[in-house]
Amino acid sequence: MQKTSILICGAGIIGLTVARELLSRGHKDIVIIDKEEDIARHASGRNSGVLHAGIYYAPGSLRAKSCLSGNFKMKQYCREKGINVLETGKVIVAREKEELETLHELHSRASSNGAKVEIIDESKLSEIEPNAKTCDEALLSHYTAVVDPREVMRSLYQELLSSGKVSIQLGTSFIDADRDTNTVTTDKGKIQCELFINAAGAYSDRVARPFGFGTDYQLIPFKGIYKKLKKEKAHTINGSIYPVPNIKNPFLGIHFTRGASGDVYLGPTAIPAFGRENYGILKGMDREMFSILYRDAILFLRNRKFRSIAFEEPKKYLFSCFFEDAKKLVKELSPEDIEDSPKVGIRPQLVDLKKNELVMDFLIEHDDKSVHVLNSISPAFTSSMFFAEMIVDNYIK
């Protein structure tokens, strides 16, 4: 049986940054396991690469506390490693007058969280994003930036391996755990550890249960579909154009983002999915589909916020509905300007089973032997480096 001081389940952005933070504090016997044969196969490599700036999150929440500091730390890391950072900022536009109240609420939240933001008029907006349109006012975020998430993940992976103090065992699936002995059973054998860290992303609720945690929660998946502007139309977007979101829900709506490669993406959707890896129409469905459908049905009946998502988002499978949503953000866009993209992401969203509510913040459960990150939702990629410091400071002796 293999033995180690610290065992991390999950080689996503949280797992790798926590391991990096542990190294910086002098820990040197760390094992990371992941079921995939390569890194960045799921949310950590499939996200938009946007480094958020603390605009949306309720002051005092873990997301608010970690986002902006995480943004600065990720930018610094990328500069040190020679990873391109597009510091194009972001504008949030109002599609109708009724959204202006929420726009000002976002300004208030962002200011409380330390972000550099300003309310701008239509004239100023046209200087920054000539093709963007808004109703009277828009919100400008100065600190929002974009990186290539896969490049960041590869850099972290190589940094950890080259330390000689971290073993990353890919193609190794978590099966079960003995809480009393802190022994994890994998498909490659057993690993006993002094401390177990659950950073398993979409599977973190499953991994937590043998340790006695996550019993009141379930992760349900939402599918994010992207499209692209054709190359000859990419010049019409300078940075990122977002709509005013419904701040009672954790999703931001279809938006335009110029990626680190120069491509301009539209999306993502937030369509209820039928599997934790349901990237295609049928691909990724398994027997858990019935449990997910049951939970979706309960939420649909008892949660008005989820019901609005379930009514609106699936329509965006239809190109006409996707297009109409995107068209509200810009002055000029035609269906011929858009092409399909293979980029698809799954966002696992934690549900409180007792309250039948979507959990709107990061959630961590722990004891002296294990730490479980149960809801690493957006802006987890942005927050990761500061969030890793918080985990080590607060939960690891």
Does this structure show an ion pair linking [X] with [Y], if we count only N-O contacts that are shorter than 4.0 Å?
X	Y	answer
K316	E313	yes
R25	D393	yes
R46	E277	no
K165	D29	no

Is there a continuous path of hydrophobic side-chain contacts, each under 4.5 Å between heavy atoms, that joins [X] to [Y]?
X	Y	value
Y143	V146	no
I33	I14	no
F387	L23	yes
I254	Y56	no
I119	L106	yes

Are any non-hydrogen side-chain atoms of [X] and [Y] less than 4.5 angstrom apart?
X	Y	result
S261	D148	no
L350	I377	no
N71	H52	no
L229	L333	yes
I191	Q169	yes
P210	R179	no
Y226	S48	yes
Y217	D352	yes

Of all heavy-atom pairs between [X] and [Y], which one has the smallest distance, and what is that distance?
X	Y	value
E36	L170	O-CB, 3.3 Å
S173	D187	N-OD1, 2.9 Å
V207	C9	CG2-SG, 4.2 Å
S334	F323	C-CE1, 3.4 Å
R307	F300	NH1-O, 2.6 Å
K75	A145	CE-CB, 3.6 Å

- [ ] Could you walk me through whether Y242 and S141 pass the side chain to side chain donor-acceptor pair (under 3.5 Å) test, one step at a time?
- [x] CA-CA 11 Å; Y242 279 60; S141 168; over 6 Å; no
Does [atom1] belonging to [X] count more than 12 external heavy atoms closer than 6.0 Å?
X	atom1	value
K188	NZ	yes
K233	NZ	no
K327	NZ	yes
K248	NZ	no
L301	CG	yes
K3	NZ	no
E105	CD	yes
E332	CD	no

Strictly distance-based, threshold 3.5 Å: is any side-chain N or O of [X] a donor or acceptor partner for the main-chain N or O of [Y]?
X	Y	result
Q192	T181	yes
N47	P149	no
R63	P379	no
D263	K228	no
N249	F251	no
H142	L140	no
S112	S108	yes
Q349	V359	yes
D176	T185	no
N278	G280	yes

What's the spacing between [X] [atom1] and [Y] [atom2] if we round to 0.5 Å?
X	Y	atom1	atom2	answer
N246	L252	CG	CG	10.5 Å
E129	T134	CD	OG1	12.5 Å
L353	T215	CG	OG1	8.5 Å
L62	M390	CG	CE	4.5 Å
K227	E339	NZ	CD	10.0 Å
I120	I92	CD1	CD1	10.5 Å

TODO: Mark yes or no: K369 above the aromatic ring of F211, with NZ or CZ under 6.0 Å from the six-membered ring centre and no more than 45 degrees from the axis.
DONE: no
- [ ] For the pair H372 and F196, name the ring-plane relationship: parallel under 30°, tilted 30 to 60°, perpendicular over 60°.
- [x] tilted
- [ ] With I6 as reference, evaluate V371, V31, I197 under the side-chain contact (heavy atoms from CB on, under 4.5 Å) test and give the passing residue.
- [x] I197
- [ ] Would you check, one step at a time, whether the test side chain to side chain contact (heavy atoms under 4.5 Å, CB included) holds for T269 with Y317?
- [x] CA-CA 9 Å; T269 59; Y317 262 125; over 6 Å; no
Task: Distance-only side-chain donor-acceptor flag, Y294 / Q218, under 3.5 Å - done: no
- [ ] Would you check, one step at a time, whether the test side chain to side chain contact (heavy atoms under 4.5 Å, CB included) holds for K65 with F362?
- [x] CA-CA 11 Å; K65 290 176 182 177; F362 301 146; over 6 Å; no
TODO: Dump the intermediate steps for side chain to side chain contact (heavy atoms under 4.5 Å, CB included) on F213 and D367, then the final yes or no.
DONE: CA-CA 9 Å; F213 295 104; D367 60 15; 3.7 Å; yes
Open item on the list: As a quick check of understanding, evaluate side chain to side chain contact (heavy atoms under 4.5 Å, CB included) for K97 and C135, giving each step before the final call.
Closed with: CA-CA 6 Å; K97 285 186 178 295; C135 183; 3.3 Å; yes
Open item on the list: Applying salt bridge (Lys or Arg N to Asp or Glu O under 4.0 Å) as the test, list every pair that has at least one member in residues 285-300; sequence neighbours left out.
Closed with: R206-E288, R276-E288
Task: Residues R79, E87; criterion salt bridge (charged side-chain N to carboxylate O under 4.0 Å, His left out); working and verdict - done: CA-CA 12 Å; R79 294 187 190 107; E87 299 197 57; 2.8 Å; yes
